[in-house]
Amino acid sequence: MLNYIWAGLIISSLAFALVSDIRDTANDRFRNDDPLSVTLEYPEGYRPEARSVPVRIRIDPERYRSFYGVDETPADGYQGSVIRTQRGTQLRFGTGAPLPDPLSRIRRFSSSADDELQGTLVTETPTPDSSESVAAVQFSPVRFPRLHDITQAAFDFAETAAEIALGLIGVLALFLGLLKIAEAGGLIHQIVRVAEPLIHPFFPEIPKGHPAIGMIVLNLSANVLGLGNAATPLGIKAMEELQELNPSPDTATNSMVMLLAMNTASVQLVPPALLVAVMGLQVNELILPIILVTGSSLIIAVTAAKFLQRLPGYRRSDPLRLAAEEVDDAASSHSTSEDT
């Protein structure tokens, strides 16, 4: 279901972006075919034949708002450079210049790797007895910018997802291997025997001595100690053990819901390692708030899970309850047939 929700959100965002881009194209929001008028201030004693000359670029605010039909106002001036080549004269704004919209969006389509807004000088008229000149700059056309942004974001996050997945493979392999060793050495059995009286009230459906209790204890212990990377494989293993007790693979049992709720609450006594790395010794001031907040969230999560388990709608969908009713029906029908 979650995959369908994400797919629907992506399709909806693409449709919205496409409609917005078509509207911007129809309104000629980026003035793709019209040059923008600017004033260039050259330094004293510059040589017109120089290939690259630093300039200060000024844009008249009223003309800018009228040209693009926006309310944003450009700065008083921008540092830039004029580069003259055989293919024409190019105007470059300074790297990372605080440009207003829509120039900031145009920059993403016409900039180099240095994040510079670039354009071609169509005309340039020097001012008599002055180092200034009035010029018209033509920028690269902007086509479907929002659709481009969404597509680029999809690729960027796909790359991030791949990096996260590859980074977790080693952690998962390590802790799952340690779990296998602990299980073979009898450590899981000892943990089950010690922790069962404390865990059983939260998970009454788990049979006594079942390995799932040990995995749940290890998972919750990793969360309490702030070991998020260790808690993930332990939680997955605990869910696998609970799934073996589930007669209906497509529906979660009450124990699985309770484990998910407790993990979502993420009760912690030790601050996460990332928070310690960022704040250093100052993290000591947050230990008590962390304990209070996570303890409160755990109480709310357990109470909500227990309460929802008792509601008729959820009770009717409980896999273990349905399986027990099927067994009782089969037993009653068998006894009835014997009596007849």
Side-chain angles (χ1 to χ4, degrees), residues 1-2 164 168 171-172 175-176 178-179 182 187-246 251-279 281-315 317-321:
M1 175 60 73
L2 187 59
I164 294 174
L168 287 176
V171 177
L172 291 173
F175 283 99
L176 289 177
L178 292 176
L179 278 178
L187 179 61
I188 301 298
H189 178 71
Q190 296 299 325
I191 293 175
V192 170
R193 189 174 64 177
V194 172
E196 190 169 19
L198 299 175
I199 296 297
H200 188 72
F202 299 100
F203 304 92
E205 301 169 339
I206 302 178
K208 291 185 177 181
H210 196 275
I213 296 178
M215 297 302 172
I216 292 173
V217 171
L218 292 175
N219 169 249
L220 297 179
S221 299
N223 276 325
V224 168
L225 297 176
L227 303 175
N229 289 338
T232 300
L234 294 172
I236 293 174
K237 188 64 178 177
M239 281 295 184
E240 290 178 352
E241 295 290 345
L242 293 176
Q243 184 70 357
E244 293 181 359
L245 301 173
N246 187 1
T251 306
T253 62
N254 290 336
S255 297
M256 298 172 76
V257 174
M258 178 62 72
L259 178 60
L260 180 61
M262 297 176 76
N263 271 269
T264 303
S266 186
V267 60
Q268 291 186 355
L269 299 179
V270 178
L274 179 60
L275 189 60
V276 175
V278 172
M279 299 189 62
L281 296 177
Q282 295 180 354
V283 76
N284 294 331
E285 302 175 0
L286 300 179
I287 291 179
L288 181 59
I290 289 174
I291 294 175
L292 293 177
V293 171
T294 57
S296 301
S297 64
L298 177 64
I299 295 174
I300 295 173
V302 172
T303 304
K306 287 291 188 181
F307 174 74
L308 292 175
Q309 290 173 14
R310 300 178 182 276
L311 295 181
Y314 291 99
R315 284 177 56 83
S317 62
D318 183 7
L320 296 179
R321 181 173 176 273

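Each residue takes its place number in the sequence, starting with 1.
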Distance from L198 atom CG to L220 atom CG, nearest 0.5 Å?
11.5 Å
How close do [X] and [Y] get, counting heavy atoms only, and between which atoms?
X	Y	result
S317	T251	O-CG2, 3.5 Å
A252	V257	CB-CG2, 4.1 Å
M239	M256	CE-O, 3.3 Å
I213	P207	CD1-O, 4.1 Å
F203	I216	CE1-CG2, 3.9 Å
A238	L259	CB-CD2, 3.7 Å

List the residues meeting side chain to side chain contact (heavy atoms under 4.5 Å, CB included) with [X], not counting sequence neighbours, and say none if there are none.
X	result
L311	F307, L308, Y314
S297	A265, T294
V293	none
S296	none

Given the rule in the side chain to side chain contact (heavy atoms under 4.5 Å, CB included) test, do I206 and L242 qualify, once you have shown the distances and angles that lead to the verdict?
CA-CA 8 Å; I206 302 178; L242 293 176; 3.6 Å; yes
Hey, could you give me each pair passing side chain to side chain donor-acceptor pair (under 3.5 Å) that has a residue in residues 256-265? Not counting sequence neighbours.
N219-N263, N223-N263
Give every residue pair that meets the side chain to side chain donor-acceptor pair (under 3.5 Å) criterion with at least one member in residues 198-210, sequence neighbours excluded.
E205-N254, E205-S255
